[in-house]
There are 2 protein chains.
Amino acid sequence: MTNIKFDSYSYLLDRTARRVKGYAQQKFASGDFDVTVDQWLILKSLDNDKYLKQKELAEITGKDNPTLTRIVDLLCKKGLTERITHKDDRRSFTVHLTAAGTAKLEELSPRVNEVRMKAWENLTEEDYEQLKTILNKIYQNLES
Amino acid sequence: MTNIKFDSYSYLLDRTARRVKGYAQQKFASGDFDVTVDQWLILKSLDNDKYLKQKELAEITGKDNPTLTRIVDLLCKKGLTERITHKDDRRSFTVHLTAAGTAKLEELSPRVNEVRMKAWENLTEEDYEQLKTILNKIYQNLES
DNA sequence: TGCTAATATTTAGTATGACAAATATAAAAT
DNA sequence: ATTTTATATTTGTCATACTAAATATTAGCA
């Protein structure tokens with residue numbers, strides 16, 4: 001018999017993820033962070049790996065290419081990142097942080113962590129580990 | 001010290017939820033379900049409670065009012081639901097399934113469950129329970 | 001070399017999601 | 001009874017997703 005509860009689990013997952021993102025977005029907005037949650041994710045990725053092709057950035061952040069293009073567009077318009085033609089492959093752009101982008105990252109890092117923490121209150125270390133494991137299993141179940 | 005890992009957990013949650021929804025959406029599309037995942041959620045809610053005000057539907061499905069209005073617009077355009085002026089409150093509409101909507105629900109139910117199951121393969125009963133508990137804790141941490 | 005297939009990015013179209021403001025109606029208050 | 005306040009829905013705007021198609025460039029192969 002097909003089990004009906006999986007549909008509800010999917011809904012629960014979706015709802016929770018939306019609330020976590022929405023809560024952060026509200027705090028980002030009210031705190032005048034001047035970036036969205038998704039834009040922040042790109043900045044952080046570029047802090048870890050200084051020069052990334054958009055393709056790689058998309059891979060790392062789990063965004064598709066069109067979405068990534070638009071987020072990078074917005075970040076460039078804000079002067080936080082810039083596109084540089086890839087030296088070996090003229091199809092590609094390398095994206096990296098500008099000085100302003102680096103400054104923004106420094107400025108926001110502690111404040112973002114502050115905001116992010118709220119969702120995870122009252123969870124034990126074990127909860128984190130279990131959640132991580134389960135989410136990764138689900139992710140892999142749907143791989144390609 | 002502010003703990004940096006909460007930002008990654010948030011990302012992991014977001015990424016997983018997007019993949020679960022995206023996977024289902026792909027199957028919905030390739031199987032010619034003719035509804036989106038979110039539209040399906042509305043249909044299912046209307047199957048549980050036959051006559052709901054849009055406000056109530058929004059509450060139940062966790063959508064905001066403008067989003068709900070638009071999803072119902074699409075469902076009505078497809079002839080799967082209809083809006084009826086509320087008898088006591090002319091500000092409100094009551095939404096309910098048409099015959100076509102009921103038929104669609106019958107037809108898709110088993111196929112949706114089939115699709116939804118995939119994400120949860122290899123998870124134990126205990127995993128489900130833990131996930132549910134943890135997600136609900138997170139949800140409540142961010143309540144209003 | 002020249003042709004074909006693959007890859008990186010962008011553009012276009014539709015749907016969702018959040019927020020603010022507009023509209024219509026109802027309920028509360030004076 | 002009239003004014004104020006609250007509620008239900010809609011509309012507008014921007015950002016994010018996903019798909020498909022367009023463009024540019026590179027790589028592989030006959």
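All values derive from a computational prediction rather than experimental measurement. Numbered from 1 within each chain, the chains take letters A, B, ... in sequence-line order. Hydrogens, waters and symmetry mates are skipped; everything else that's a heavy atom, side chains included, is used.
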Answer yes or no: does atom [atom1] of [X] have more than 12 heavy-atom neighbours from other residues, nucleotides or ligands under 6.0 Å?
X: A/Glu121; atom1: CD; answer: yes
X: A/Lys78; atom1: NZ; answer: yes
X: A/Lys27; atom1: NZ; answer: no

* Structure fact -> Correct closest heavy-atom pair for A/Asn141 and B/Ala119 would be ND2-O, 2.8 Å
* For DNA chain C, note the earliest and the latest nucleotide, 5' to 3', having some atom under 4.0 Å of a heavy atom belonging to chain A. =>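 Under 4.0 Å from chain A, the extent on DNA chain C is C/dA6 to C/dC19.
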* Asked: Can a side chain N or O of A/Thr67 be found less than 4.0 Å away from OP1 or OP2 on D/dT16?
  ->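 For D/dT16, neither OP1 nor OP2 has a side-chain N or O of A/Thr67 closer than 4.0 Å.
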* Asked: Counting just side-chain N and O atoms, does A/Lys63 come under 4.0 Å of either OP1 or OP2 of D/dA15?
  ->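 For D/dA15, neither OP1 nor OP2 has a side-chain N or O of A/Lys63 closer than 4.0 Å.
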Just the rounded figure in Å: distance from [atom2] of [N] to [atom1] of [X].
X: B/Arg18; N: D/dA15; atom1: CZ; atom2: P; value: 17 Å
X: B/Lys27; N: D/dC18; atom1: NZ; atom2: P; value: 15 Å
X: A/Leu41; N: D/dA17; atom1: CG; atom2: C1'; value: 14 Å
X: B/Arg70; N: D/dT13; atom1: CZ; atom2: P; value: 11 Å
X: B/Arg15; N: D/dC18; atom1: CZ; atom2: P; value: 13 Å
X: B/Phe93; N: D/dT7; atom1: CZ; atom2: C1'; value: 14 Å
X: A/Asp34; N: D/dA15; atom1: CG; atom2: C1'; value: 15 Å

* Asked: Taking the nucleotide of DNA chain C with the closest heavy atom to each, which residue, A/Gly22 or A/Asn65, is nearer the 5' end?
  -> A/Asn65
Determine the contact category for [X]: base if any of its heavy atoms lies under 4.0 Å from a base atom, sugar-phosphate if only primed atoms, P, OP1 or OP2 are that close, otherwise nothing.
X: A/Thr69; answer: base
X: B/Asp38; answer: sugar-phosphate
X: A/Gln25; answer: nothing
X: A/Leu68; answer: nothing

* Can you list the residues that meet the side-chain contact (heavy atoms from CB on, under 4.5 Å) rule with A/Asp38, with sequence neighbours excluded? ->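 Expected list: A/Lys21, A/Thr36, A/Lys63, A/Ile71.
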* Which residue, A/Ile71 or B/Gln26, contacts DNA chain D at a nucleotide closer to its 5' end, judged by nearest heavy atom? ->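 Looking at DNA chain D, the more 5' nearest nucleotide goes with A/Ile71.
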* Asked: With sequence neighbours left out, which residue pairs that include part of residues 98-107 of chain B fulfil the salt bridge (charged side-chain N to carboxylate O under 4.0 Å, His left out) condition?
  -> B/Glu107-B/Arg111
Atom pairs under 3.5 Å: protein N/O with N/O of nucleotides 21-25 of chain D:
residue, atom, partner, partner atom, Å
D/dT25, O2, A/Arg91, NH1, 3.4

* To do: Please name all residues satisfying salt bridge (Lys or Arg N to Asp or Glu O under 4.0 Å) with A/Arg91, sequence neighbours left out, ordered by chain then number.
  =>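 In terms of salt bridge (Lys or Arg N to Asp or Glu O under 4.0 Å), with neighbours along the sequence ignored, A/Arg91 is linked to A/Asp89.
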* Asked: Is the Lys NZ or Arg CZ of A/Arg15 less than 6.0 Å from the centre of B/Tyr139's six-membered ring, within 45° of the axis?
  -> yes
* Check whether the ring centres of B/Trp120 and A/Tyr9 lie less than 6.0 Å apart, and answer yes or no. => yes
* Using the salt bridge (charged side-chain N to carboxylate O under 4.0 Å, His left out) rule, take A/Lys77 and A/Asp73 through it: C-alpha gap first, then chi angles, then the decisive distance, then the call. => CA-CA 6 Å; A/Lys77 201 176 292 174; A/Asp73 280 349; over 6 Å; no
* Please answer: with hydrophobic residues joined when any side-chain heavy atoms are less than 4.5 Å apart, are A/Leu142 and A/Tyr11 in the same cluster? => no
* Asked: Can you find a side-chain donor-acceptor pair between B/Thr124 and B/Asp127 that sits under 3.5 Å?
  ->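 Yes, B/Asp127 and B/Thr124 have a side-chain donor paired with an acceptor closer than 3.5 Å.
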* Pull out every residue in residues 47-62 of chain A that has a heavy atom closer than 4.0 Å to any atom of DNA chain C, ordered by number, or say none. => A/Lys53, A/Gln54, A/Lys55
